[in-house]
Number of protein chains: 2
Amino acid sequence: MDAASTADARAADATLAASRALLGVVARSMVSALEVVTLPQFRVLVVLSAAGPTRMGAVAERMGVIPSTFSRFIDRMVAGGWVERTSSPDSRREVLLELTPSGRRLVDEVTERRREGILAVLSAMTDKQQGAVHHALQAFADAAGEPPAADLLTLGI
Amino acid sequence: MDAASTADARAADATLAASRALLGVVARSMVSALEVVTLPQFRVLVVLSAAGPTRMGAVAERMGVIPSTFSRFIDRMVAGGWVERTSSPDSRREVLLELTPSGRRLVDEVTERRREGILAVLSAMTDKQQGAVHHALQAFADAAGEPPAADLLTLGI
DNA sequence: TCCAAAATGTGTATAATTACAACAGTTGTA
DNA sequence: TACAACTGTTGTAATTATACACATTTTGGA
């Protein structure tokens, strides 16, 4: 390994270590949601929150499960009041899945708690530091590009 | 909303975006591991990887399950060859849990893939930007304090 | 020494997640 | 129009995660 790639590797290690605090905020934001829905269930809520009403089969594919599994999985979420089945305007054989107000609220609360957690940390910094964080992390997010939604789905985020 | 809180909100939004990118890297790094162990099982591997050989009851508490549940949970992980029970040198009633080589390899592979993912993002940035990202995350980590490991465990990381 | 406490494991039970196979409407097209 | 393809749901079944109550072994102190 040459000097440049060694330096790169060190930078990656340091960045990884420093990112733990940020991941901690993310994890905390989900704790209360995971007391009322399971992680796979929360994943469905995230998908629907991002994509809006979506066909059963399409969500099943996103989740990586076969339709029959998904149908009864959704039965439980409907029973819990998190999503509802609606009929598609396109075709009577299609069933659309939609967040209920409770489901939307749950996702929104997680997002809001995450924002608050980040703000709480930022507020302990000077304005100058905040500006630096803003620009640096903006650059990081840009360099990463939008992570494919399917990847985030692995952890249900 | 005043100027200061607007700046706060902008920094928070940028941080949120970065956290999503970071989670994308984390999620991708875990995909292949989650094909051979479940998420709760991977969490145990992470605990043992960080703490070394640990008493059954202590790990159960970290995982937030009662010991009787944990005993059979570990039966499955032993059967899978990911961990092994060893007797404690301190007391014959204590059972220590330890990673097998396979278990350690699984965790190491995830860590390595995560490192590569971060590296891939950083390599799309200038050296100066890379330094800025590192410093920004370091400042964030300092302001946040050490995230309780229990929080990270929520996501299995 | 003897017994309460500690640490773990078993018996029993429930809910969640998952798949495969078969079935029932619905749609579009040959 | 008739039939194949599409979309979703049931029947059946295995595995996993989880808890409560109880049993077993070991330890440490009265």
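Within every chain, numbering begins at 1; the chains are lettered A, B, ... in the order of the sequence lines, protein sequences first and strands thereafter.
Where A:P40 and B:S71 meet DNA chain C, the nucleotide closest to each residue was compared, and B:S71 sits on the side nearer the 5' end. Comparing A:E94 and B:Q41, the nucleotide of DNA chain D nearest to each residue sits closer to the 5' end for A:E94.
Put simply, the side chain of B:S71 never gets that close to the backbone of B:P67: no donor and acceptor are under 3.5 Å apart.
Heavy atoms of B:S91 sit under 4.0 angstrom from primed sugar atoms or phosphate atoms, though from no base atom.
You'll find that the side chain of A:V95 is closest to D:dG8, out of D:dA19, D:dG8, C:dG9. Considering only the side chain of B:F73, D:dA17 comes nearest among D:dG8, C:dT17, D:dA17. Of the listed nucleotides (C:dT18, C:dC20, D:dC20), C:dC20 has the atom at the smallest distance from the side chain of A:S68. Among D:dT18, C:dT8, C:dT18, the nucleotide with an atom closest to any side-chain atom of B:M56 is C:dT8. Nearest to the side-chain atoms of A:V65 among the listed nucleotides C:dA19, C:dT26, C:dA16 stands C:dA19.
Distance CZ/A:F42 to CE/A:M30: 5.0 Å, rounded to 0.5 Å. For the atom pair CD1 (A:I118) and CG (A:L22), the distance works out to 5.5 Å, reported to the nearest 0.5 Å.
For A:R43 and C:dT17, the CZ to C1' distance is 11 Å, given to the nearest whole Å. In this structure, CZ of A:R76 is placed 9 Å from P of C:dT18, rounded to the nearest angstrom. In this structure, A:F70 places its CZ atom 10 Å from P of D:dT9, rounding to the nearest Å. For the pair A:D90 CG and D:dC6 P, the interatomic distance rounds to 17 Å; values are reported in whole Å. The distance from atom CZ of A:R72 to atom P of D:dG8 is 15 Å, rounded to the nearest whole Å. When rounded to the nearest whole Å, the span between CD1 of A:I66 and C1' of D:dT7 equals 14 Å. A straight line from CZ of B:R85 to C1' of C:dA7 spans 12 Å, rounded to a whole angstrom. Protein atom CZ of B:R93 is 4 Å distant from nucleotide atom C1' of C:dA6, rounded to whole Å.
One N or O donor and one acceptor, one from the side chain of B:T69 and one from the base of D:dA19, sit under 3.5 Å apart.
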**Request:** With side-chain contact (heavy atoms from CB on, under 4.5 Å) as the test, would you mind laying out the steps for A:R72 and A:D75 before giving the verdict?
**Result:** CA-CA 5 Å; A:R72 262 165 296 200; A:D75 288 347; 3.4 Å; yes

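Side-chain polar atoms of B:R113 and B:S32 form a donor-acceptor pair below 3.5 angstrom.
Between A:R92 and C:dG25 there is no side-chain polar atom (N or O) within less than 4.0 angstrom of OP1 or OP2.
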